[in-house]
Amino acid sequence: MKTTSYAALALVCALGAAGCTSRKPADVTPDVHWQGVNLPADSTGTRHYRSTFTVTGDLRGVTRLAFNQFKRKMEVVNPADTLVELLPGYFAIGSTRFDNATGTDTIVFDLLVNGSLAGVSHTPTAAHLVKADGSTIAVNFSRKPLSDCEGSYETMPSGEEIYAFNESIRPDSARGVYDIIPSFKQVSLTGGTSTVNLADVKYEEPADANADNIYTITVAGDKMTVRAPRSMWAALRARIAHNFGNGTVELPDVIINDGPSMPYRGIMVDIVRNYRTPEEVNKIVDLMSVYGLNKLHFHVADDEGWRVEIPALPELTDVSSRRGYPLTDTDSYLPQMYFGDGDPLSSSNSGNGYFSVEDYIALVRHANELGIEVIPEIESPGHARAAVHAMNIRAAAGHPEWLLREPGDTSVYTSAQALHDNVMNPALEGPYMLIDTVADALAEMHRRAGVPLRVIHIGGDEVPSGAWSGSNAVKELMARENLASESEVHDYFVRRVNDILAKKGIKMSGWQEIALDRPVEFNKEVIPNTYSVNCWTQHGGREDNVLSRVARAGFPSVLSNVDYLYFDQAYSPHPDEPGLSWGGYTDEFTALHAYPARLCGKGLENVIGLSAQLFAETFGTDADLERMLVPKILGLAERAWNPDSTYTDRAFNAVLTDEIPKWEAAGFAYHVRQPGIHRVDPTHFTVNSPYAGNVVIRYTLDGTRPDENSPVAKPGEPVAFGDASQIKAILWLNSHPSHVTILKLK
């Protein structure tokens, strides 16, 4: 992890940069506890819920409580309090009640928030205190589980629903020794068994030098032989070790013929919205390799940060890899977003950090050794607030040619994340200078890694309407280039960026907006240098949806749609499930069912693969990210390798269950499904588990949350519930608990 030191920031302050204030922690860390209560609709029919912060500790000198939460309209209840929005998703409560702090204080802030509260990720995610001089105080922040809050049952799956689903996926037989994920295409048992030393697997190159991505595994005569292109050897070693071990094992004699059907099998990992260290990203790469994935779409620049060092433009990381409490409009860092403690120098929160040149080179090398290509994404022209802000700082230091937005631009727009200043201006030269410089820097890092940079993902998505409506420079560009609309201005930007990359021998990738329903002449110019297009929405029928239209136009298309493959979407509507839900809910079975042929009509021949997305708004820790990835990665891996039907849900779940000890051994956090609860007669209930093997399910009948001391219910065995009005149960898989399941009886 790369962060700026206190000494480095002191030097920046000495040179006159704005927004430099020491962040000294308090002697005793205050506590901030949040809880929410749903309220019924008022007389106007508007839904509200109550949001309560309880602040406890030494609050002398404090003037504000700042917190992060997805943008919602809200108001304070107490007239002594005030609420301001510092930035969409970042709020601060001021109060005259802070003036009376004595050193042993408790202040409760009540807010009314518009809308309903369906999931934990829409509650506050982080908080900190602010003193009069702008310095911040970290806090111990906690939240009451929504499932323990009044009114949380509205969206929660019932115990009976979960019971029925668990029954539908419960493995009805043990997995076979050669049942793995992704599954082998052809397994031919030849009779007999072999005692194989897996540390001594024999690797051979195929007789046909053109046999790309096709391999054979033979087990016979106490030997395992793998015949595969040399480029596959490292990844196959990892898969064999993961599935069969490293020591001496007894295996049925077999001939396996296999190979991936799709050339693009990827995961997009976002380290911008919340930073993840090189160690964690490399850990994800290792997991990708054992499941046959080969593209790391590396999201390193967006509105909320810039996460890779570009030596020629140090402001990108000096300024935009750090987030904190804002003091002025020209701060030498970005405002706090999502998670953090308001301190732009802290190394303990996910707002701060970046990959150094050496970190990035090491990642590229490590991934390449495992057959995985790193595709860096530099968002443009939208989703670019971090770059815009960094280049504003550079321009203020005497380099106005680097500006990405036009001074005096009166354009009025709101981005998907409710920002109003995050779009590059295609009529300026600054954006093209930035992309040219960044492309050269990334290419040099790849050269040093010994892995040529083949492609850069330029983003290109979600440019809001009106983004350039008030720009004189864009109006002049439109007149000069005979452009009739902002859509054509966007096309102009994409063509210029494509030309910059093509001249460097680098192909271009982008989201669907760079390719969807574009003019024929645009397609002719851009397609030859397009590596891939991620199609992220699925509107329309099989023949006329986004994927079909982009593929039919001739673009190499990657199924990436939110309905099946946005892994940042919550597993279920349970209120304690982290993740978003704007695109629905995504679990391991949803990903398994992402069949390209079912989702694309004409143009299927141009669908080159699948990609899952891990946008990181809701991932404050490594464990948060890992639980959203595992076990969803299994469904992605199976469908990307084998786009046609393979495992049934039951058979898939049997293999999944056997993967769990491997995740434990590798130190991965993983998601645990809930137990089901079924009322078997007027006086008894029973529980079930989605997993084969040993689990522990504990329950309560008094309304409290089950813990390690609660009584155990064994799957399938009736338990009397007496006069209880509800049953609560939690499943423990190893040391990992599920969310609580509730069955209301009255």
Side-chain angles (χ1 to χ4, degrees), residues 171 173-265 286-294 369-372 592 595 609-610 631 633-648 650-659 661-662:
S173 61
R175 79 169 184 94
V177 67
Y178 293 123
D179 291 338
I180 71 168
I181 293 177
S183 58
F184 295 128
K185 283 189 165 53
Q186 184 182 60
V187 177
S188 302
L189 296 174
T190 57
T193 60
S194 288
T195 303
V196 177
N197 180 1
L198 292 172
D200 190 28
V201 175
K202 183 179 180 181
Y203 289 88
E204 299 176 346
E205 293 194 53
D208 181 2
N210 297 317
D212 189 30
N213 288 327
I214 304 298
Y215 71 94
T216 300
I217 297 176
T218 302
V219 175
D222 294 335
K223 294 286 186 183
M224 177 182 284
T225 302
V226 178
R227 182 166 293 173
R230 187 175 293 272
S231 60
M232 297 185 72
W233 286 5
L236 287 172
R237 285 192 185 100
R239 291 188 69 198
I240 289 168
H242 178 81
N243 287 290
F244 306 114
N246 290 301
T248 299
V249 297
E250 189 171 281
L251 295 172
D253 289 346
V254 71
I255 298 174
I256 296 170
N257 294 298
D258 193 28
S261 295
M262 308 291 270
Y264 192 113
R265 307 179 304 281
D286 291 341
L287 192 68
M288 290 174 63
S289 72
V290 300
Y291 293 128
L293 302 173
N294 69 340
E369 289 170 356
L370 295 174
I372 295 170
L592 179 68
Y595 296 101
L610 282 75
I633 190 173
L634 300 186
L636 166 70
E638 180 60 28
R639 200 50 58 232
W641 193 273
N642 298 299
D644 298 322
S645 181
T646 49
Y647 289 122
T648 65
R650 286 187 189 275
F652 174 78
N653 199 36
V655 182
L656 183 156
T657 300
D658 278 359
E659 292 295 288
K662 302 169 189 175

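Just so you know, these numbers come straight off a predicted model, no measurement behind them.
Atom NZ of Lys223 has 12 or fewer heavy atoms from other residues, nucleotides or ligands within 6.0 Å.
Residues Thr225 and Glu204 are in side-chain contact: their nearest non-hydrogen atoms beyond the backbone lie under 4.5 Å apart. In this structure, Val177 and Pro252 have side chains that are in contact, with non-hydrogen atoms separated by less than 4.5 Å. With a 4.5 Å cut-off on side-chain heavy atoms, Trp641 and Ser261 do not count as touching. Looking at Phe652 and Arg175, their side chains never come closer than 4.5 Å, going by heavy atoms from C-beta outward. Side-chain atoms of Lys185 and Asn257, non-hydrogen and from C-beta on, never get closer than 4.5 Å to each other. Side-chain contact between Leu636 and Leu610 is present, with at least one heavy-atom pair separated by less than 4.5 Å. Inter-residue side-chain proximity for Leu251 and Tyr178 is flagged as met; some heavy-atom pair is nearer than 4.5 Å. Contact annotation: the side chain of Leu198 approaches that of Ile240 to within less than 4.5 Å [non-hydrogen atoms, C-beta and beyond].
Between the OG1 atom of Thr216 and the CD atom of Gln186 there is a distance of 9.0 Å, given to the nearest 0.5 Å. With rounding to the nearest 0.5 Å, the separation of CG in Asn213 from CG in Asn294 is 7.5 Å. Taken from OG1 in Thr248 to CG in Asp222, the straight-line distance is 10.0 Å, to the nearest 0.5 Å.
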Full working for side chain to side chain contact (heavy atoms under 4.5 Å, CB included) between Lys662 and Asn243: CA-CA 9 Å; Lys662 302 169 189 175; Asn243 287 290; 3.8 Å; yes

Trace of the side chain to side chain contact (heavy atoms under 4.5 Å, CB included) decision for Tyr203 with Arg237: CA-CA 9 Å; Tyr203 289 88; Arg237 285 192 185 100; 2.8 Å; yes

Trp233 and Glu205: CA distance, side-chain angles, deciding distance, side chain to side chain contact (heavy atoms under 4.5 Å, CB included) verdict: CA-CA 9 Å; Trp233 286 5; Glu205 293 194 53; 3.7 Å; yes

Glu659/His242 under side chain to side chain contact (heavy atoms under 4.5 Å, CB included): CA gap, chis, key distance, verdict: CA-CA 9 Å; Glu659 292 295 288; His242 178 81; 2.6 Å; yes

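Arg239 is linked by a side-chain hydrogen bond (donor to acceptor under 3.5 Å, both in side chains) to Tyr215, counting only residues two or more places apart in sequence or in another chain. The side chain to side chain contact (heavy atoms under 4.5 Å, CB included) check on Asp253 picks up Thr190, Ser194, Val219, with sequence neighbours excluded.
For the pair Met232 and Ile214, the tightest heavy-atom approach, listed with the atom from each and the gap, is SD-N, 4.1 Å. Looking at every heavy atom in both residues, Pro182 comes nearest to Gly292 through CD-N, 4.3 Å. Considering every non-hydrogen atom in both Ser183 and Asp258, the closest pair reads O-OD1, 4.0 Å. Annotation for Ile181 and Tyr647: closest pair CG1-CE1, 4.1 Å, computed over non-hydrogen atoms.
Between the side chains of Thr646 and Glu638, a donor-acceptor pair is found at a separation under 3.5 Å.
Listed by first and then second residue, the ring-ring contact (aromatic ring centres under 6.0 Å, His included) pairs involving residues 180-200 amount to none (not counting sequence neighbours).
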